[in-house]
Amino acid sequence: MSDDDRSYTSVLLPSARVTLFTRDAETRAAFEAIRQDWRFARVTLDVVEGGVNDAINTYTSYASPDLVIIQTEEIADGFTDRLEALGGVCNEGTAAIIIGPVNDVNLYRRLVNLGISDYLVKPIRTEHLGNDIAATLLKKIGATGSRLIALMGGKGGVGVTAISETLAWATSDMLGQKTFLLDASGGWSTLSVGIGFEPAATLAEAARAAVEKNEDSLGRMIHEASDKLFVLSSGSDVMLEDNVPPEHYETLLNYLMGIYPVVIVDLSQSPSALRRVVLTKANRIVMVTTPTLPAVRATRTLLQELKDLRGGASDEAEIVVNMQGYSAKNEVSKSQIEQGLERRVAVVIPFETDLFVTVESQGKKLHEDKEGVLIAEKLLRIVRDVISGAGSDGTKTEDDKKSGKLSGLLTKLKAKG
Ligand SMILES: Nc1ncnc2c1ncn2[C@@H]1O[C@H](COP(=O)(O)OP(=O)(O)OP(=O)(O)O)[C@@H](O)[C@H]1O
Ligand SMILES: [Mg+2]
C-alpha cells in the first residue's frame with residue numbers, strides 16, 4: 001500500500017463489523033492488535049476459530065458482517081468452489097479478504113474476479129492488515145473521500161481564526177478545491193466579519209437540520225463566500241450557552257463531508273465536546289501556538305491529550321508558531337519550542353498587526369497581500385498532502401456503484417448464477 005493510500009485510510013472508519021476465520025495464532029494476534037488502532041474505534045473485530053466451511057455454516061444461519069476474512073491453507077480449485085458457496089449464503093454487499101499460504105498471481109486474479117477485495121499471504125503484519133481492512137471498508141461502506149482539517153490553539157487568542165480563514169481561502173482560491181469552513185464556536189464566532197456575511201442561523205439550528213436531514217433548510221444556512229468557498233452562516237447563537245449536542249454536530253460534519261471535498265474546522269472558542277468530535281476524525285490537525293511559555297506549555301498538554309484521544313498517535317498534528325516577534329524578549333526560540341513539544345515546528349508566522357487586523361476588520365483575504373501570500377503558501381504546505389486527491393480517491397464513482405465492483409463477493413457470484 002502506498003503512502004497515498006495510507007493517508008487516504010487515515011480517517012476514523014465508519015461503524016462496521018469484520019470477522020476473521022482462522023486457525024493460525026499469529027494471524028489472530030495480528031488481527032486482534034488492530035483494536036489498538038484509533039481508526040478502528042467504531043469497527044467491531046471478531047475472530048472465529050475455523051475456515052471457509054465454518055464461515056458457510058455460520059452465515060447460513062446468521063447475517064454476515066461487512067467484511068469477512070478467511071484464512072486458508074488450501075488454495076486448489078476446491079477452495080474457490082467453497083468461496084462460491086460462501087457467496088451464496090452471505091448478505092449482499094459483504095466484502096471478503098482471503099489470507100493464503102503462498103504468493104500466487106493466478107490465484108489472486110481468480111479471487112479478484114470472484115469479487116474478493118484482496119488476497120494476502122501469511123505471515124500477516126498488523127499494520128498491513130489494518131490498512132487493507134481500512135481500505136476495503138472505506139470502499140465498501142463509502143467514505144466521502146473528504147478531508148477534515150482541524151485548527152486549534154493550546155491557548156485562546158493565538159490566531160486560530162485568522163489562520164483558519166487564510167487556509168480556507170488559500171485552499172479554495174489557490175488550490176481550486178471546493179472547501180467548507182466551519183466554525184464550532186457558536187455565538188463566539190467572528191467568521192461573519194472575517195468572511196463578510198450576516199449570520200442567518202445558529203450552529204444548533206444547522207446541526208438540528210442535519211439530524212433531521214432537512215437539506216433545504218441547511219442549504220439556506222450555507223453562505224457562498226466564492227464559487228469554491230462555503231461557510232455556515234451561523235453565529236447568532238447565544239454566547240453563554242452550549243446548546244449543540246456533540247452527536248448532532250457530528251451528523252452535521254458528516255453531512256458536510258459528504259458534499260465538500262475539504263472541510264476546515266476552526267475549533268477556537270468551541271466547547272470541548274465538539275472539539276473531541278472533530279479532533280478524533282480529523283485527517284490533519286493544525287495546532288497553533290505563540291512563541292511564549294504559557295502557550296507552548298498549554299500546547300504540550302494538548303498534544304498529550306490528543307494522543308490519548310487518538311489511541312496513542314498524534315502524527316496528524318502540525319505545529320504553527322504564530323505572532324513571532326510580538327514580544328521578542330519574552331519569546332521562546334523555535335528550537336526550544338521543538339524540544340518542548342518533541343516535534344518539529346512546521347510554520348512560523350511573524351507578528352504583523354497591520355496586515356492581520358486589516359484583513360480581519362475589512363473582510364479581506366490574506367493571500368491577496370504580497371506578504372500574506374507567503375504565509376498562505378506556507379500554510380498550504382502543511383495540508384497539501386492530505387488535500388491532494390480529496391474527493392476522488394475515497395469516493396465511489398457512479399460507475400463503481402452501479403457495477404457493484406467494490407461491494408463484494410456476493411454480487412459477482414449471484415450474477416454468475
Ligand atoms: N501573525 C499575526 N500578527 C498580528 N496579528 C495577528 C496575527 N495572527 C492573528 N492576529 C490577530 O490576533 C487577534 C486574535 O486572532 P484570532 O481571533 O484569529 O485568534 P483565535 O486564536 O481565534 O482567538 P480566540 O481564542 O479568541 O478564538 C486578531 O485580531 C488577529 O487579527
Ligand atoms: Mg477564534
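Only a predicted model underlies this, so the values are computations on that prediction, with no experimental measurement involved.
When every heavy atom of Arg310 is checked against every heavy atom of Ala282, the shortest pair comes out as NH1-O, 2.9 Å. The two residues Ser117 and Thr136 make their nearest non-hydrogen contact at OG-CG2, 3.4 Å.
Thr22 and Asp24 share no side-chain donor-acceptor pair at under 3.5 Å. A donor-acceptor pair shorter than 3.5 Å cannot be found between the side chains of Thr171 and Gln177. Thr190 and Thr161 form no side-chain donor-acceptor contact under 3.5 Å, judged by distance and modelled atom types alone.
Using a cut-off of 4.0 Å between Lys/Arg side-chain N and Asp/Glu carboxylate O, Arg344 and Glu318 are scored as not salt-bridged. Ion pairing between a basic and an acidic side chain is recognised when a charged N comes within 4.0 Å of a carboxylate O; Arg28 and Glu32 show such pairing. For Lys365 and Glu368, the salt-bridge test passes: some basic side-chain N is under 4.0 Å from an acidic carboxylate O.
In terms of modelled atom types and a separation under 3.5 Å, the side chain of Ser172 and the main chain of Ala168 share a donor-acceptor contact. With hydrogens and angles disregarded, no donor-acceptor distance shorter than 3.5 Å links the side chain of Gln324 to the backbone of Pro291. Remark: side-chain polar atoms of Thr126 are not paired, donor with acceptor, to backbone N or O of Ala33 under 3.5 angstrom. In this structure, the side chain of Arg275 engages the main chain of Ser270 through a donor-acceptor pair within 3.5 Å. Looking at Asn283, its side chain never comes within 3.5 Å of a backbone N or O of Arg147 through a donor-acceptor pair.
Between Ile163 and the options Val320, Val347, Leu366, a side-chain contact (heavy atoms from CB on, under 4.5 Å) holds for only Val320. Considering Ile97, Ile98, Ile99 in turn, Ile98 is the only one that fulfils the side-chain contact (heavy atoms from CB on, under 4.5 Å) rule with Tyr119.
Between Phe21 and Tyr59, the ring planes are perpendicular. Angles over 60° get that label, and only those under 30° would be called parallel.
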Inset, instruction - Output, in order, the C-alpha distance, side-chain angles, deciding distance and verdict of side chain to side chain contact (heavy atoms under 4.5 Å, CB included) for Ser164 and Leu181. - result: CA-CA 8 Å; Ser164 303; Leu181 173 60; 4.2 Å; yes

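In this structure the side chain of Arg23 reaches within 4.5 angstrom of the side chain of Glu49, judged on heavy atoms. Inter-residue side-chain proximity for Thr166 and His367 is flagged as unmet; no heavy-atom pair is nearer than 4.5 Å. Contact of the Arg343 side chain with the Leu303 side chain is registered, since non-hydrogen atoms from C-beta on lie closer than 4.5 Å.
In the displayed structure, Tyr326 atom OH is contacted under 6.0 Å by at most 12 heavy atoms of other residues, nucleotides or ligands.
The distance from the OG1 atom of Thr299 to the CD atom of Gln304 is 13.0 Å, given to the nearest 0.5 Å.
Asp369 meets the salt bridge (Lys or Arg N to Asp or Glu O under 4.0 Å) test with no other residue; sequence neighbours excluded.
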